Amino acid sequence: MKNMGDFPTFLVVGLLIFSCLSYVRSDASDHRYKDGDDVPLYANKVGPFHNPSETYRYFDLPFCSPDHVTEKREALGEVLNGDRLVSAPYKLNFKEEKDSSVVCKKKLSKDEVAFFRKAVDKDYYFQMYYDDLPIWGFIGKVDKEGKTDPSEYKYFLFKHIQFDVLYNKDRVIEVNARMDPHSLVDLTEDKEVDAEFMYSVKWKETDTPFEKRMDKYSMSSSLPHHLEIHWFSIINSCVTVLLLTGFLATILLRVLKNDFIKYGQDEEAADDQEETGWKYIHGDVFRFPKYKSLFAAALGSGTQLFTLTVFIFMLALVGVFYPYNRGALFTALVVIYALTSGIAGYTATSFYCQLEGNNWVRNLLLTGCLFCGPLFLTFCFLNTVAIVYSATAALPFGTIVVIVLIWTLVTSPLLVLGGIAGKNSKAEFQAPCRTTKYPREIPPLPWYRSAVPQMAMAGFLPFSAIYIELYYIFASVWGHRIYTIYSILFIVFIILLIVTAFITVALTYFQLAAEDHEWWWRSFLCGGSTGIFIYAYCLYYYYARSDMSGFMQTSFFFGYMACICYGFFLMLGTVGFRASLLFVRHIYRSIKCE
């Protein structure tokens with residue numbers, strides 16, 4: 001490559017082409033059947049309804065199992081999502097109706113009765129896939145009517161499933177499962193119970209075309225009631241942005257105009273007048289920050305995560321992440337993160353060299369570990385928890401090997417290539433003013449101008465612009481609500497970026513006006529502080545808005561949300577610093593620096 005500076009351009013173009021070619025909607029494949037054809041039905045998983053991370057294999061519960069259980073081969077994203085599809089004991093041949101067909105007769109032992117009773121008490125649900133369409137249902141029910149003492153509750157297991165299938169000519173359009181409330185097995189007492197598991201199948205013709213069979217899942221998040229709340233969230237965020245933008249523009253433009261006039265007059269007046277305010281520190285404002293290797297690595301990781309987010313939004317907006325496209329999001333995250341590591345290497349190393357750093361190899365290693373390191377440690381702990389619980393969230397050894405190979409053969413080489421390209425870019429740091437040899441002493445400042453209060457002020461406004469939408473995202477990621485309004489989410493993301501940039505610029509100006517020239521790290525910390533607010537919202541959501549419980553679900557929720565919020569901290573910190581750097585360069589370029 002003649003011009004290594006073109007590396008990011010080639011990488012981004014290649015990534016865009018790869019992303020578009022790699023994801024073809026699976027529901028576009030041919031699902032045509034003749035009368036009596038065997039339509040694939042897979043049992044996926046079971047688990048407590050309120051604990052979405054705590055799922056188990058379908059046959060971990062003592063259901064009727066076929067003589068030979070066939071496991072479906074799954075993609076990387078499906079395994080990461082905790083899907084473990086196996087052949088189900090029910091036969092739903094195309095247009096073949098059945099009435100109370102017996103699956104098996106089984107004598108449940110005392111232990112099996114106790115196992116089922118515990119599952120029913122925790123609101124266990126099952127999930128299956130019929131011709132790639134999801135089927136949900138509860139395995140039993142608890143009779144609490146007229147009873148105040150939990151010891152008087154009665155526990156029942158559903159033993160009859162009614163499948164209602166809609167078809168259009170030779171294709172399956174919709175499937176629903178209903179549990180017969182009158183066909184029950186009493187699990188209340190610890191004793192052996194005879195159970196006869198049955199199922200019925202009803203077929204009905206519909207006019208819905210095959211291409212629109214997933215619309216019923218997509219439309220659930222587009223109901224008028226939900227849309228009103230989403231648009232209220234957008235309007236709320238837009239008002240916040242307009243007020244903030246107007247306020248900052250008015251204040252900053254007026255103050256800066258007065259500053260420029262004053263400093264212009266000072267230059268024409270006698271030189272014995274002492275400078276004050278942000279011009280006074282023009283010889284220190286571009287002094288490179290402490291821990292510049294860590295700073296450059298944080299910028300590199302933040303830029304990579306920003307690029308990853310943009311590509312995920314692009315795929316979402318073109319319809320890749322339609323409901324129940326199993327594992328598509330996880331596959332996209334792994335693949336795109338691996339392919340964008342070159343951007344992290346290039347950004348970190350080129351900026352580190354601009355800051356006159358010498359050990360660029362160590363900087364590159366730090367960049368590679370800054371986000372992946374905490375994520376890897378979190379994954380190791382949570383995967384161990386999942387193995388102890390025998391949950392489907394525990395990744396098989398083969399999947400772990402695949403992820404390690406992706407990191408070794410794709411992520412690391414691209415990170416190194418990006419680092420080499422960044423080192424060879426020979427870019428110099430553009431500073432409008434010369435930096436003096438010795439730094440000025442920062443005057444004593446009031447407590448509210450220290451880092452922590454400034455971070456609290458900086459994080460609150462961007463968080464207030466997104467908190468309404470956060471509930472729907474949490475309910476989708478950590479619940480069973482479907483979220484498909486990616487266009488609104490993208491608008492909220494743009495608003496988040498604008499508010500973060502504006503509030504960081506404003507706080508940077510007030511910091512410089514107070515003659516505090518150590519703005520580099522401060523702007524990064526203020527920009528990223530929204531991530532801390534999102535993590536605080538996690539505490540509120542867990543205890544006030546959800547019914548999650550148990551050590552595994554708690555550790556998964558707070559562990560992975562810590563990684564996500566840390567990623568937001570790096571990404572928004574990068575946005576805040578870049579905005580502040582543009583602003584600082586602009587104001588010091590506008591005055592005559594001696």
Side-chain angles (χ1 to χ4, degrees), residues 40-72 74 82-92 98 100-130 134-143 150 153-163 177-201 385-394 396 549-553:
L41 173 65
Y42 292 103
N44 187 12
K45 52 192 177 185
V46 293
F49 183 76
H50 299 295
N51 289 357
S53 301
E54 187 184 344
T55 54
Y56 305 95
R57 292 175 179 270
Y58 183 80
F59 290 115
D60 283 352
L61 288 177
F63 287 117
C64 297
S65 59
D67 297 331
H68 178 66
V69 177
T70 307
E71 294 194 2
K72 184 180 183 295
E74 293 167 321
D83 291 330
R84 302 289 185 272
L85 275 70
V86 295
S87 54
Y90 310 102
K91 294 295 180 186
L92 276 66
K98 293 184 179 180
S100 300
S101 180
V102 177
V103 181
C104 76
K105 295 179 180 179
K106 187 172 185 179
K107 182 181 282 292
L108 298 177
S109 66
K110 287 183 181 180
D111 290 339
E112 289 176 334
V113 168
F115 198 13
F116 266 128
R117 185 172 61 245
K118 184 180 177 182
V120 170
D121 186 44
K122 289 185 175 181
D123 285 331
Y124 265 52
Y125 70 95
F126 67 83
Q127 186 190 46
M128 299 181 184
Y129 281 94
Y130 182 63
I135 306 171
W136 297 75
F138 286 98
I139 68 166
K141 69 174 185 176
V142 182
D143 183 12
Y153 293 168
K154 288 189 172 293
Y155 299 89
F156 297 100
L157 176 71
F158 294 125
K159 62 178 184 177
H160 189 177
I161 303 181
Q162 169 75 53
F163 293 100
R178 291 183 291 114
M179 317 307 289
D180 187 350
H182 304 295
S183 184
L184 305 168
V185 178
D186 193 341
L187 305 170
T188 309
E189 298 178 16
D190 279 329
K191 63 178 183 180
E192 291 186 350
V193 176
D194 289 319
E196 186 179 45
F197 292 96
M198 299 178 292
Y199 70 105
S200 301
V201 187
V385 171
I387 290 170
V388 171
Y389 273 74
S390 301
T392 60
S549 60
F551 177 73
M552 179 183 167
Q553 182 60 47

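All values reported here derive from a predicted model rather than from experimental measurement. Just so it is clear, the values below take in all heavy atoms, side chains as well, and ignore hydrogens, waters and symmetry mates. Sequence positions, counted from 1, serve as the residue numbers for this chain.
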J.: If I compare all heavy atoms of Leu157 with all of Ile139, which pair ends up nearest, and what's the gap?
T.: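 Heavy atoms of Leu157 and Ile139 come nearest at CD1-O, 3.2 Å.
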J.: Which heavy-atom pair separates Met552 from Ser53 by the least distance, and what is that distance?
T.: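 That would be CE-O, 3.3 Å.
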J.: Do Tyr155 and Phe116 touch side chain to side chain, with heavy atoms closer than 4.5 Å?
T.: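 Tyr155 vs Phe116: side chains apart.
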J.: Donor-acceptor pair, Ser87 side chain versus Thr70 backbone, under 3.5 Å?
T.: yes
J.: Taking salt bridge (charged side-chain N to carboxylate O under 4.0 Å, His left out) as the definition, give me every residue that meets it alongside Asp83, ordered by chain and number, with sequence neighbours left out.
T.: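 Residues passing salt bridge (charged side-chain N to carboxylate O under 4.0 Å, His left out) with Asp83: Lys45.
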J.: State, yes or no, whether a side-chain contact exists between Met128 and Tyr90 at a heavy-atom distance under 4.5 Å.
T.: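 Side chain of Met128 against side chain of Tyr90, heavy atoms only: contact under 4.5 Å found.
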J.: Is there a side-chain contact between Tyr130 and Pro40, using heavy atoms and a 4.5 Å cut-off?
T.: no
J.: Going from CG on Leu184 to CZ on Phe158, what distance comes out if it is rounded to the nearest 0.5 angstrom?
T.: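 One gets 6.0 Å once the value is rounded to the nearest 0.5 Å.
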J.: Supply the atom-to-atom distance Ile161 CD1 to Ile135 CD1, rounded to the nearest 0.5 angstrom.
T.: 8.5 Å
J.: Any non-hydrogen side-chain atom of His50 less than 4.5 Å from a side-chain atom of Gln553?
T.: no
J.: Identify every side-chain donor-acceptor pair in residues 56-65 under 3.5 Å, counting partners at least two apart or on other chains, and give the distances.
T.:
unit_1 : atom_1 : unit_2 : atom_2 : d
Tyr56  : OH     : Glu54  : OE2    : 2.7
Asp60  : OD2    : Arg57  : N      : 3.2

J.: Do Thr55 side-chain atoms and Thr392 backbone N/O form a donor-acceptor pair below 3.5 Å?
T.: no
J.: List in chain and number order the residues that pass salt bridge (charged side-chain N to carboxylate O under 4.0 Å, His left out) with Asp190, two or more places apart in sequence or in another chain; answer none if no residue qualifies.
T.: Arg117
J.: How about Met179 and Phe138: do any of their side-chain heavy atoms sit closer than 4.5 Å?
T.: no
J.: Give a yes or no answer on whether the side chain of Asp194 reaches the backbone of Lys107 with a donor-acceptor pair at less than 3.5 Å.
T.: no
J.: Identify the heavy atoms of Ala386 and Ala393 that sit nearest to each other, and give their distance.
T.: CB-C, 3.9 Å
J.: Can you give me the closest heavy-atom contact between Glu192 and Ser109, atom names plus distance?
T.: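 Looks like CG-CA, 4.1 Å.
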J.: On a heavy-atom basis, which atom in Leu85 and which in Tyr129 lie closest, and how many Å separate them?
T.: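 Nearest pair, atom of Leu85 first, then Tyr129: CD2-CD1, 4.2 Å.
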J.: Give, for atom NZ of Lys141 and atom NZ of Lys154, the distance between the pair rounded to the nearest 0.5 Å.
T.: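 Result: 12.0 Å between the selected atoms.
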J.: Hey, could you give me the CE/SG distance between Met198 and Cys104, rounded to the nearest 0.5 Å?
T.: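 Answer for the CE-SG pair, Met198 versus Cys104, is 11.0 Å.
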J.: Checking Thr188 against Asp186: is there a side-chain donor and acceptor pair closer than 3.5 Å?
T.: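 Asp186 vs Thr188: donor-acceptor pair found between side chains.
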J.: How long is the gap from OH on Tyr199 to NZ on Lys91, to the nearest 0.5 Å?
T.: 8.5 Å
J.: When rounded to the nearest 0.5 angstrom, what is the spacing between CH2 in Trp136 and CZ in Phe126?
T.: 10.5 Å
J.: Check whether any side-chain heavy atom of Glu74 lies under 4.5 Å from a side-chain heavy atom of Arg84, and answer yes or no.
T.: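 The answer is yes, as the side chains (C-beta and beyond) meet within the 4.5 Å cut-off.
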